[in-house]
J.: 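Provided herewith is a single structure, encoded as structure tokens, for subsequent inquiry.
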Amino acid sequence: MKKVLAAITTLVMLGSFASCGAVTSPENTGTNTNTPKGDGTKTVGIAMPTKSLERWNRDGEYLKAQFEDAGYKVELKYSDDKTDQQNNDIQSMIADKVDLLLIAAVDGSSLSQTLADAKDAGIAVIAYDRLIMNTDAVSYYVSFDNYTVGKLQGEYVRDALDLDNTSETYNIEFTAGDPADNNAPYFFNGAYDTLKKYIDKGTLKIPSGKTKFEQVATLGWATDTALENMQNTLASYYSDDVQLDVALCSNDSTARGVTQAISSDYKGKNSPIVTGQDGDITNLKNIVDGKQSMTVYKNVNEEASVTLEVSKAVLAGQTPDASLLNSVTVEAAYDTESYNNGVKVVPSYLLVPYVITKDNLDLLVDTGLYKWDANKKYLESTAETT
Ligand code: BGC
């Protein structure tokens with residue numbers, strides 16, 4: 001029975017990720033077509049954290065497709081969200097003599113020794129999406145403005161409840177991300193800082209009293225953990241008389257757990273506001289169905305194209321700076337102040353996130369990465385498996 005279940009689970013996983021599987025020449029990448037292509041001799045090693053969270057499947061495939069289109073060989077590895085495995089994966093790419101490493105770290109603080117080895121081997125490292133901490137071996141960071149992601153979630157709540165003008169009080173609970181992910185506190189702080197003045201005024205109340213990132217962090221960004229945490233919070237602090245108005249979730253994988261907990265365990269009659277991030281297909285469906293209110297969207301195909309441009313320059317022995325952004329059509333900022341990894345301030349290219357609700361889902365269709373299903377009700381991915 002276990003085997004049958006495992007087989008079914010695998011099929012379901014394959015099915016759900018097929019839609020974000022290998023892509024053929026993504027369009028609208030924003031890549032500079034004037035930059036000389038690779039000549040097929042250089043290999044880029046890409047270390048992604050896990051296949052079990054939807055977005056990294058998309059990142060891996062977009063990166064692979066774009067680098068291959070640009071004339072580079074690609075070695076792509078997923079580390080099952082395990083720190084040791086990611087260290088081993090990177091070591092094996094160093095042994096394979098890749099020319100450049102792109103790393104989305106499982107645990108940003110646990111790669112120092114491995115990256116020292118990369119440096120000794122003369123391999124440059126670019127931190128992809130998540131900053132890598134405590135190392136001088138990382139040359140650049142390509143991500144989104146992570147603090148703004150949380151700020152957009154907070155502002156959404158502020159506007160939805162008209163917090164500047166209301167005389168009501170509302171109850172809110174926070175669900176944050178993985179403490180090993182350097183992005184997670186940025187998301188939480190962006191949201192919390194935006195809402196703090198309403199919390200201080202008493203317009204927003206937090207019945208659980210959990211106001212600190214550490215109290216609401218979710219190991220591995222796991223949906224099941226977020227579900228369990230929210231079930232506990234509902235059981236301990238909410239009753240027929242205490243209504244939950246807002247579940248501020250840092251991303252879509254945690255929002256799925258929180259939404260499930262609200263469906264199964266919440267006794268109130270209202271539909272709490274639920275925030276998210278990423279535009280995962282299930283969450284976009286939940287947005288259409290009114291179970292989630294918004295998601296902060298980050299176009300990871302564009303993140304891949306900025307990464308490609310930075311990589312091309314590094315591989316050509318150049319030192320990319322703000323002027324690199326002249327060669328991409330993607331909106332992004334060059335930041336040499338915000339991301340200190342404990343050893344150095346890592347020069348960063350930060351793309352711009354934006355809010356998606358049920359009213360502007362067409363913006364996702366405009367990216368070319370999503371399309372409406374046959375009934376024009378839900379969105380699906382346009383990625384084709386090869
Ligand atoms: C990414 C988010 C993602 C989270 C979990 C973060 O580092 O920036 O987009 O939701 O990891 O995968």
Side-chain angles (χ1 to χ4, degrees), residues 16-17 20 47-63 78-83 86 102-111 126-133 141-153 175-191 213 216-226 248-259 274-284 286 292 294-304 306-307 332 338-339 341 348-356 364 369:
S16 61
F17 290 133
C20 46
M48 288 284 123
T50 175
K51 275 186 168 278
S52 68
L53 294 170
E54 183 179 317
R55 74 155 286 186
W56 305 110
N57 294 267
R58 282 187 259 139
D59 292 82
E61 296 303 336
Y62 295 150
L63 283 164
Y78 285 87
S79 308
D80 199 20
D81 238 349
K82 298 195 175 85
T83 303
Q86 189 162 54
L102 304 180
I103 301 170
V106 171
D107 178 341
S109 303
S110 71
L111 296 172
I126 296 175
Y128 182 81
D129 202 80
R130 299 173 171 176
L131 187 61
I132 307 172
M133 310 304 287
Y141 177 44
V142 181
S143 191
F144 285 79
D145 181 337
N146 296 304
Y147 186 85
T148 294
V149 170
K151 189 162 168 263
L152 291 172
Q153 294 168 337
T175 296
D178 186 351
D181 177 352
N182 186 63
N183 291 350
Y186 281 82
F187 301 144
F188 174 80
N189 290 335
F213 170 77
V216 295
T218 310
L219 277 185
W221 294 95
T223 300
D224 287 353
T225 308
L248 192 306
C249 304
S250 282
N251 86 332
D252 281 353
S253 63
T254 54
R256 287 198 294 280
V258 165
T259 305
V274 178
T275 65
Q277 166 187 195
D278 287 335
D280 286 359
I281 295 293
T282 307
N283 298 72
L284 295 175
N286 284 348
Q292 182 171 325
M294 60 88 84
T295 189
V296 176
Y297 183 62
K298 305 190 299 191
N299 186 325
V300 295
N301 198 33
E302 293 185 347
E303 188 175 12
V306 173
T307 306
S338 304
Y339 286 93
N341 77 348
S348 305
Y349 293 92
L350 303 174
L351 288 80
V352 180
Y354 53 93
V355 171
I356 291 292
L364 294 183
L369 305 173

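Remember, it's 1-based here, ligands and their atoms both numbered in the order they're listed. Below, each value reflects all heavy atoms present in this structure, side chains not excepted, and no hydrogens, waters or symmetry copies. In this text, all values refer to a predicted model and were calculated from it rather than measured experimentally.
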J.: Any side-chain heavy atom of D178 sitting closer than 4.5 Å to one from V106?
T.: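 Side-chain contact under 4.5 Å: no.
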J.: As a test of reading the model: which residues have a non-hydrogen atom less than 4.0 Å away from ligand 1?
T.: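 Residues within 4.0 Å of ligand 1: L53, R55, W56, D129, R130, D181, N183, F187, W221, N251, Q277, D278, K298.
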J.: Measure the spacing between CG of L111 and CE of M133 and express it to the nearest 0.5 Å.
T.: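 Between L111 CG and M133 CE, I get 11.5 Å after rounding to 0.5 Å.
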J.: Any carboxylate oxygen within less than 4.0 angstrom of a Lys/Arg side-chain nitrogen, looking at R55 and E303?
T.: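 So R55 pairs with E303 through a salt bridge.
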J.: Between P353 and D145, which heavy-atom pair has the shortest distance, and what is it?
T.: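 Of all heavy-atom pairs spanning P353 and D145, the closest is CG-O, 4.0 Å.
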J.: Which residue, D181, N182, N183, forms the side chain to side chain donor-acceptor pair (under 3.5 Å) with R130?
T.: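 With R130 as partner, side chain to side chain donor-acceptor pair (under 3.5 Å) holds for just one option, D181.
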J.: Report the C-alpha distance between L152 and Q277 in whole Å, list the side-chain angles of each, state the deciding distance to 0.1 Å, and finish with yes or no for side-chain contact (heavy atoms from CB on, under 4.5 Å).
T.: CA-CA 10 Å; L152 291 172; Q277 166 187 195; over 6 Å; no
